[in-house]
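Here's the structure we're looking at; comments come further down.
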Amino acid sequence: MEKKIAMITGATSGIGEACAKKFAQGGYNIIITGRRKEKLDVLKNQLEAMGAEVIAMQFDVREREAAKKAVDFLKGKWANIDVLINNAGLALGLDKEYEGDFNDWDTMIDTNIKGLLNMTRFVVPSMVKRNQGHIINIGSVAGDAAYANGNVYCATKAAVKALTDGLRIDVAESEVRVTNIKPGLVQTNFSNVRFHGDDTRAENVYKGIKPLTGEDIADVAFYAAAAPAHVQIAEVLVLATHQANGSTIIRK
């Protein structure tokens with residue numbers, strides 16, 4: 001039996017990397033995308049050592065033509081993507097909305113919203129045509145309600161929820177499934193990116209609580225994809241045990 005194919009954006013670290021490894025272990029062939037070629041090459045070798053066939057594609061999901069070119073490049077079996085994991089995303093800064101950095105805003109909006117839309121637009125039509133496929137969007141608890149100084153990032157993840165729900169409506173007549181996974185605190189390089197490389201400030205985000213890991217979210221993604229064809233895991237909120245929502249965190 002031919003292996004299924006999973007495509008993961010933003011696969012070079014964190015949740016994306018964990019998803020790539022989980023799906024490779026689960027018997028999928030993998031398409032990994034990201035901006036950093038050296039990290040893609042390392043991950044490709046690791047996935048191949050797990051027995052997966054792998055295509056590594058270096059591009060930024062914000063760049064529409066580059067994303068289209070990458071998807072158009074996929075031929076034969078590789079064109080039949082079974083699972084698309086829209087994981088590429090980031091937070092930048094933790095400023096008040098009226099003091100925010102314009103470049104940070106543009107990067108978050110272009111990556112978290114437009115990048116997800118680009119990949120959805122280029123991959124999903126084939127799924128609908130084949131009447132088979134699954135889109136898993138990595139949202140956030142931040143999309144449920146704004147938290148202090150999270151303003152624009154929270155807005156982008158609220159958009160991910162709305163876009164995921166809208167897509168689910170659009171494909172409801174087909175066998176294509178759509179899932180929104182909304183993690184809480186996950187210890188990856190997320191906070192390092194948010195604070196522009198300030199490791200000390202990033203480490204303080206996780207002090208006093210055992211956060212989730214990328215592997216925890218990958219387990220949820222694989223569970224959703226492995227559900228029987230008639231079962232659609234529409235939305236999953238995943239929090240650390242001592243986190244109640246986006247702003248209530250009990251630290252010891």
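Using a 4.5 Å heavy-atom threshold, the side chains of Val193 and Leu92 count as touching. Contact annotation: the side chain of His196 approaches that of Asp104 to within less than 4.5 Å [non-hydrogen atoms, C-beta and beyond]. A heavy-atom distance below 4.5 Å is found between the side chains of Leu74 and Met57. Side-chain atoms of Tyr153 and Tyr147, non-hydrogen and from C-beta on, do get closer than 4.5 Å to each other.
Side chain of Gln243 to backbone of Leu185: a donor-acceptor contact under 3.5 angstrom is found. Remark: the backbone N or O of Asn192 is not paired with any side-chain donor or acceptor of Asn189 at under 3.5 angstrom. For Asn87 (side chain) and Thr9 (main-chain N/O), a donor-acceptor pair under 3.5 Å exists by modelled atom type.
More than 12 heavy atoms of other residues, nucleotides or ligands shown are found within 6.0 angstrom of CZ on Arg36. Within a 6.0 Å radius of NZ in Lys129, other residues, nucleotides and ligands contribute 12 heavy atoms or fewer.
Nearest heavy-atom pair, Ala24 versus Leu47, reported as atom, atom and distance to 0.1 Å: CB-CD2, 3.8 Å. Shortest non-hydrogen contact noted between Ala146 and Cys154 is CA-SG, 3.7 Å. The minimum heavy-atom distance linking Leu84 with Ile81 is given by the pair N-CG2, 4.2 Å. Shown here for Ile113 and Ala159, the closest heavy-atom pair between the two residues is CD1-CB, 3.7 Å. Here the closest heavy-atom approach between residue Arg177 and residue Pro228 is recorded as NH1-O, 2.8 Å. Here the closest non-hydrogen pair linking Gly34 and Thr12 is CA-CG2, 4.3 Å.
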Atom pairs and distances, donor-acceptor, side-chain atoms in residues 204-217, under 3.5 Å, two or more places apart:
residue, atom, partner, partner atom, Å
Asn204, OD1, Lys207, NZ, 3.2
Asn204, ND2, Thr200, O, 3.4
Tyr206, OH, Val186, O, 3.1
Tyr206, OH, Ser191, OG, 3.0
Thr213, OG1, Glu215, N, 3.4
Thr213, OG1, Glu215, OE1, 3.4
Thr213, OG1, Asp216, N, 3.2
Thr213, OG1, Asp216, OD2, 3.2
Asp216, OD2, Thr213, N, 2.8

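Residues Ile5 and Ile32 do not share a hydrophobic cluster, defined by chaining ILVMFWY side chains whose heavy atoms lie under 4.5 Å apart. Note on Leu90 and Leu116: same hydrophobic cluster, where clusters join Ile, Leu, Val, Met, Phe, Trp and Tyr whose side-chain heavy atoms are under 4.5 Å apart, directly or indirectly. Cluster annotation: Val54 is connected to Val83 through the hydrophobic network of ILVMFWY side chains, with a link wherever side-chain heavy atoms come within less than 4.5 Å. At a threshold of 4.5 Å between side-chain heavy atoms, the hydrophobic network of Ile, Leu, Val, Met, Phe, Trp and Tyr places Met119 and Val171 in one connected group. Cluster membership check: Tyr223 does not share its hydrophobic cluster with Val178, using side-chain heavy-atom separations under 4.5 Å among Ile, Leu, Val, Met, Phe, Trp and Tyr.
In summary, the side chains of Arg168 and Thr164 do not present any donor paired with an acceptor at a separation below 3.5 Å, with no hydrogens or angles considered.
Checked options Ile233, Ile181, Ile15; the residue passing with Val220 is Ile181 (criterion: side-chain contact (heavy atoms from CB on, under 4.5 Å)). Each of Ile138, Ile85, Ile135, Ile136 was scored for a side-chain contact (heavy atoms from CB on, under 4.5 Å) with Thr179, with one residue passing: Ile136.
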CA sep, side-chain torsions, deciding dist, call: Glu17, Lys39, side chain to side chain contact (heavy atoms under 4.5 Å, CB included): CA-CA 10 Å; Glu17 179 181 357; Lys39 288 188 173 290; over 6 Å; no
From CA spacing to verdict: side chain to side chain contact (heavy atoms under 4.5 Å, CB included), Arg130, Asn80: CA-CA 8 Å; Arg130 291 182 287 116; Asn80 297 327; 3.2 Å; yes
Pair Glu65-Lys69, salt bridge (charged side-chain N to carboxylate O under 4.0 Å, His left out): steps then yes or no: CA-CA 6 Å; Glu65 288 305 314; Lys69 184 177 179 181; over 6 Å; no
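Using a cut-off of 4.0 Å between Lys/Arg side-chain N and Asp/Glu carboxylate O, Lys44 and Asp41 are scored as not salt-bridged.
With rounding to the nearest 0.5 angstrom, the CD atom of Glu175 is 13.0 Å from the NE2 atom of His134. Interatomic distance, CG of Leu94 versus CZ of Arg201, reported as 6.0 Å (0.5 Å rounding). Rounding to the nearest 0.5 angstrom, the gap separating the CZ atom in Phe122 from the CG atom in Asn118 is 5.5 Å. How far CE of Met50 is from NZ of Lys22: 11.0 Å, rounded to the nearest 0.5 Å. The distance from the NZ atom of Lys3 to the NZ atom of Lys77 is 8.5 Å, given to the nearest 0.5 Å. Considering CG of Asn180 and CG of Leu163, their distance stands at 10.0 Å, rounded to 0.5 Å.
In this structure, the side chain to side chain contact (heavy atoms under 4.5 Å, CB included) partners of Arg62, at least two apart in sequence or on a different chain, are Arg35, Asp60, Thr107, Asp110, Thr111. Listed by chain and number, the residues in a side chain to side chain contact (heavy atoms under 4.5 Å, CB included) with Leu237 are Val141, Asp144, Lys182, Leu239 (sequence neighbours excluded). Under the rule for a ring-ring contact (aromatic ring centres under 6.0 Å, His included), Phe195 has no partner lying at least two apart in sequence or in another chain. Checked against side chain to side chain contact (heavy atoms under 4.5 Å, CB included), Lys96 has the following partners two or more places apart in sequence or in another chain: Tyr98, Glu99, Asn149. Residues meeting the ring-ring contact (aromatic ring centres under 6.0 Å, His included) test with Phe23, sequence neighbours left out: Tyr28, Phe222.
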